[in-house]
Amino acid sequence: MMVDHGSSGRFAPGGFLVVVAAAIYMFTCVSTASPIGLPNLRECQLATDSSVIGSPFTTRLNCCLPIPPGDVIDFSFQKYKNHNRRLRMPAHKISSDYIAKYRRAYEIMRALPQDDPRNFITQANVHCAFCNGAYKQPGTDGILIQMHFSWLFLIWHRWYLYFHERILGSLIGDPSFALVFWNWDDQRDGGNIMPAMFLPNNSSLYDANRNQANLPPTLAKLTPVMTGNDSEIINQNLNIMYQEVVTNDVAELFIGGPYRTGVDISNSTVLNAPLGGSIENGIHNAMHYWTGDPRQPLLQDMGTFSSASRDPIFYAHHSNLDRLWDKWRHGMPGGPRKDYSDPDFLNAEFYFYDENARLVKVNVRDGLDIEKLGYGYPDVAADELWINYSPLPVTTGSVVAAARAMGVPEIGAFPLNGTIVLGSAFSGIVKAPYRKSKASHQREVLVIEGLHVSRESFVSVVAFVNLPYANSSTATSSAEYVGTFNLVASPGKTITTNVKFEIGDNLKRIDIQDEPEVVITLAVKGTQSVRIKGLLIKYQ
Ligand code: C2O
């Protein structure tokens, strides 16, 4: 562990930096207050991904999308009416007839001509194009569109699946065809393994590029750092679900932070950093990692964005994320939760292909209610296990005094403490402001400011409170576990991001909610070191 303070010359002392920072901040806010709009599809560039075989190099991928003839269709509920509601079932519970139908749909999709927008590879390229930098944000000087790391993550993937499902249904002439969901959060009824329907290697649902060590009966691990026997894994999975979905109950924490025109996710700074939500940074990335093939340099297919959706299991994975968003909105104790109402969220627009191979444009607003979109999910009884999971603490009382005696440093907010280089684990003592009005709807949040990661390999940063001796194999089943930030590899690229976790529930369970300071520990799994600018606890 190393801490270097402002004296190293990274930060100018005094007010000058603050003034510059404030000016940058204001400029950023003023110039970027508009939703992400539709790109010019004629201006496509090669997307980027990288290879780490031999010496690392970056490859350029052609994910440019075909432009179908005819006008762009403006989405309306009328035009895309479903006569039957599509019911998405858990992948491990569907009938063999349903599996046969599912296989048939993907067979036809794979056999379509390459230039057909409904072709399987072209469908996969839609993901590559908007996640690996093929198109530019309109109204900017070439800033690329990126559908991860922000409030657009869940909604963009929802629309992506919506049209993918319609295409599959239309290819087999079944207007009520529905995708399945991979119920990896189910820790009781058999959902938490790779679903059997995707396994036979003579099927259109198979992908050879998967982690062979994670075939059934291996249990899915909802963080990449997890160790332990099956019952320990189950408890850790339940707590991870509880921490990510139940306690992160405000939109910014669960869905992700704002992303507007002008924000450059691949070239961000601490003051202009994107913010993925708990569900994206946590389980979503973890399951991409778990499924991807470690024999491939970037854990293809599922382990990297440019190839992830070449595995049919991708759509079942995202269907469960979509289900959990809906569950988060409507199915949690304490009543309905709110999506964003910011117009820059609601008015963002995307292109997709519909079942007639036409280009259609959609916005965020129209995608927020799945019943209106004509599909839904059944109730899943096993959800109750993680909703009601009640993590016990493994510590009693504050460990701040002991940690201070061990030499654990005090860490403040950016830019006070300079850059902290994280090795395998790092602990710091952080001020925990006292909340005056206990009735307020504010959440107590840990902010990891300016987390800077070079993306040479998959990285996990696991956060604990009151556990100064935690490391990356510490169990994630106790109340001291706060959350995990996972990042898929993209060699040659770096990201600077802020990470936020709700911690009020953790502090209460450990009974240190009134302490003026707490110990935060960040454990890193990955081959490279990461940097942070500061740690902060605040109410928001
Ligand atoms: Cu766009 Cu799960 O990735």
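What you see is a predicted model, and the numbers here were worked out from it, not measured in a lab.
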Query raised in the report: Among side-chain atoms of H317 and W184, is any donor-acceptor pair under 3.5 angstrom?
Result: yes
Report task. Could you check whether the rings of F345 and W151 sit parallel, tilted or perpendicular, using 30° and 60° as the cut-offs? Result -> tilted
Query raised in the report: Are T476 and Q236 linked by a side-chain donor-acceptor pair shorter than 3.5 Å?
Result: yes
Query raised in the report: Salt bridge check: are D354 and R166 linked by an N-O gap of less than 4.0 Å?
Result: no
Query raised in the report: Are more than 12 heavy atoms from other residues, nucleotides or ligands located less than 6.0 Å from atom NZ of K81?
Result: no
Requested in this report: Assign the ring pair F177 / Y102 to parallel, tilted or perpendicular, where the plane angle (0 to 90°) is split at 30° and 60°.
Outcome: tilted
Report summary line: side chain to side chain donor-acceptor pair (under 3.5 Å) filter on R104, not counting sequence neighbours, yields E107
Query - R260/D342 salt bridge by N-O under 4.0 Å criterion - result: yes
Query raised in the report: With sequence neighbours left out, what residues match H164 under side chain to side chain donor-acceptor pair (under 3.5 Å)?
Result: Y106, Q123
Query raised in the report: Does a salt bridge link K538 with E444, judged by any charged N lying under 4.0 Å from a carboxylate O?
Result: no
Query raised in the report: For W290 and N211, does a side-chain donor sit closer than 3.5 Å to a side-chain acceptor?
Result: no
Query raised in the report: Is the W328 ring parallel, tilted or perpendicular to the F254 ring (thresholds 30°, 60°)?
Result: parallel
Report task. Fit a plane to each ring of H127 and Y160, take the angle between them on a 0 to 90° scale, and name the class: parallel (under 30°), tilted (30 to 60°) or perpendicular (over 60°). Result -> parallel
Requested in this report: Verify whether one side chain among Y162 and Y375 offers a donor that lies under 3.5 Å from an acceptor in the other.
Outcome: no
**Report entry** Plane angle bin for Y289 and F458 - parallel if under 30°, tilted between 30 and 60°, otherwise perpendicular
**Finding:** tilted
Query raised in the report: Got a sec, which pairs hit disulfide bond (SG atoms under 2.5 Å apart) with one end in residues 118-168, sequence neighbours left out?
Result: C63-C128
Query raised in the report: Below 4.5 Å, heavy atoms only, C-beta onward: do Q243 and N506 meet side chain to side chain?
Result: yes
Report task. Using the six-membered ring of F181, assess whether NZ or CZ of R88 lies under 6.0 Å from its centre and within 45 degrees of the ring axis. Result -> no
Report task. Give a yes or no on this: more than 12 heavy atoms of other residues, nucleotides or ligands lie within 6.0 Å of atom CG of N40. Result -> yes
Query - Given H157, H318, H288, the one that forms ring pair (Phe, Tyr, Trp, His ring centres under 6.0 Å) with H148 - result: H157
